[in-house]
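The next block holds one structure in the form of structure tokens; read it before the comments.
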2 protein chains.
Amino acid sequence: MNVRTICLAILYDGDATGYEIRKLSVEGEYSYFIDASYGAIYPSLARLEQEKLVTARVEQQDGKPAKKIYSITPAGRAAFIQSMFEKLGEDEFRSEFLLFLRFASELPQSLVEQRLNERIVEIDATLADFDRLKQQHNHPGDAWVIDYGRTCMQAARDYIEAHGDELIALARSDRDDAAAAE
Amino acid sequence: MNVRTICLAILYDGDATGYEIRKLSVEGEYSYFIDASYGAIYPSLARLEQEKLVTARVEQQDGKPAKKIYSITPAGRAAFIQSMFEKLGEDEFRSEFLLFLRFASELPQSLVEQRLNERIVEIDATLADFDRLKQQHNHPGDAWVIDYGRTCMQAARDYIEAHGDELIALARSDRDDAAAAE
DNA sequence: TCGCACATGTAACGTGTTACATGATTAG
DNA sequence: CTAATCATGTAACACGTTACATGTGCGA
């Protein structure tokens, strides 16, 4: 899944500027699909404009820089929907957190415990964010996708709460670790 | 998480060649952390050797190309463990599948249904793979991580089975879609 | 005999990030 | 007065993929 596709998906729901697209992709409802920077978004939008999949209009603002507002064209909508018919890219999941936990037996107990606690806090924040997103969804499919995410997150949280202790028990006791440091 | 770190993680458990590392990262227990190609692995190993974090020895084989077997050095072990102490990279999750589902209302029912069924099959394959991996794990933390993965996968599967129909109901009926195609 | 598994490596290419350039307004 | 927000865009860089080059033995 590339920045290009995400730009089309966002513009599918309504006009936006490059700046707004980046915000949505970092903080908003799209942050669970991608995390794109200006350096990727602006050239992407320029290319989409060339290909006539979006159009742009400039809007002057007083006190603020001029905005370049992009709109999706009928051809853009068709191209996006067409891409949903084609073979989808595989889901990708990369977790340095799980790699860390895999090596729990080589790491100090206190660190393993701390990281597990931090993760619970992060998951709670994500769950709260899902609640926020659910208030302001615009697609009929949004609520379903958000609840899907919530279900997976909750399962992860429950697993950590139920079995975190087992992992902490595997870790190096802090006493051993202090001894090894000498 | 980069290829470099994964190479060290794999070599932490025992010697391996570049070829084997790629296999592990694509099919094996590491495929849930990364999916690296030769073009990334070989240069990475060469650099690790320069930095004295791994050593290499060449082993001739009759009928097969010579192997270059890499071993982690004490400095390599220390560097890897040190990297686990430092701030971890964030987990990343990208799902074109969820983007597709989000737009269910714009897509034909038959396609949405098909993709949901395919996903169930994929999840079952992954769950079976987890069973296989659980037989041959070498770290004490492996079983925990595998069960964590299994729990999340199972939750996703259950959710699709329980709520898939709701999403299919949102999709365009195939009759409308045929009409729209004219 | 066709293609796959074994095995290493490079070069071209794609895609995205980080840092920079520019500049006004507003909130702390 | 300092930092953040709004706003666009480019250039250097990092990192990774795909395709290619090379070559043997084995199973269908």
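Here the structure is a predicted model, which is why all the values come from computation and not from measurement. Side-chain atoms are counted along with the backbone in the values below, which use heavy atoms only and exclude waters and symmetry mates.
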Just how far, in rounded Å, is [atom2] of [N] from [atom1] of [X]?
{"X": "Phe33(A)", "N": "dG16(C)", "atom1": "CZ", "atom2": "P", "value": "16 Å"}
{"X": "Asp35(B)", "N": "dG16(D)", "atom1": "CG", "atom2": "P", "value": "12 Å"}
{"X": "Met1(B)", "N": "dC15(D)", "atom1": "CE", "atom2": "C1'", "value": "14 Å"}
{"X": "Glu20(B)", "N": "dA5(C)", "atom1": "CD", "atom2": "C1'", "value": "13 Å"}
{"X": "Ile69(B)", "N": "dT8(C)", "atom1": "CD1", "atom2": "C1'", "value": "13 Å"}
{"X": "Asn2(A)", "N": "dG16(D)", "atom1": "CG", "atom2": "C1'", "value": "15 Å"}
{"X": "Tyr38(A)", "N": "dA11(D)", "atom1": "OH", "atom2": "P", "value": "19 Å"}
{"X": "Ile41(A)", "N": "dT10(D)", "atom1": "CD1", "atom2": "C1'", "value": "15 Å"}

| said: Under the salt bridge (Lys or Arg N to Asp or Glu O under 4.0 Å) definition, can you give me all pairs with a residue in residues 87-101 of chain A, not counting sequence neighbours? | reply: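 Residue pairs passing salt bridge (Lys or Arg N to Asp or Glu O under 4.0 Å), neighbours aside: Asp91(A)-Arg119(B).
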
Considering just the side-chain nitrogens and oxygens of [X], establish if one lies under 4.0 Å of OP1 or OP2 belonging to [N].
{"X": "Lys23(B)", "N": "dA7(C)", "value": "no"}
{"X": "Tyr42(B)", "N": "dT8(C)", "value": "yes"}
{"X": "Tyr19(B)", "N": "dC6(C)", "value": "yes"}
{"X": "Gln61(B)", "N": "dA7(C)", "value": "yes"}

| query | Within the structure shown, what part of the strands sits under 4.0 Å from Gly39(A) by heavy-atom distance: base, sugar-phosphate, or nothing? | reply |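 The residue Gly39(A) makes base contact.
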
| message | Under 4.0 Å, heavy atoms only, any strand: does Ala46(B) hit a base, just the sugar-phosphate, or nothing? | response |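 No contact.
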
Of the listed nucleotides [options], the one nearest the side chain of [X]:
{"X": "Thr17(B)", "options": "dC6(C), dG9(D), dT8(C)", "result": "dT8(C)"}
{"X": "Val3(B)", "options": "dG16(D), dA7(D), dG16(C)", "result": "dG16(D)"}
{"X": "Ser37(A)", "options": "dT10(D), dT17(C), dA7(D)", "result": "dT17(C)"}

| said: When you group the ILVMFWY residues by side-chain heavy-atom contacts below 4.5 Å and let the links chain together, are Ile41(B) and Ile69(B) in the same group? | reply: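 Cluster IDs for Ile69(B) and Ile41(B) differ.
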
| If two hydrophobic side chains count as joined below 4.5 Å and joins carry through other members, does Tyr19(A) share a cluster with Tyr30(A)? |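 They do not share one cluster, since no chain of ILVMFWY contacts under 4.5 Å joins Tyr19(A) to Tyr30(A).
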
| query | Regarding Asp158(A) and Gln154(A), is there a side-chain donor-to-acceptor distance under 3.5 Å anywhere? | reply |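 A pair is found: one side chain offers a donor N or O, the other an acceptor, under 3.5 Å apart.
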
| field | Nearest-nucleotide comparison on DNA chain C, the residue closer to the 5′ end among Pro65(A) and Ile34(A) | value |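 Here Ile34(A) is the residue nearer the 5' end.
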
| message | Please report the interatomic distance CZ(Phe33(B)) to CD1(Ile10(B)), rounded to the nearest 0.5 Å. | response |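 Rounded to the nearest 0.5 Å, the CZ-CD1 separation comes to 10.0 Å.
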
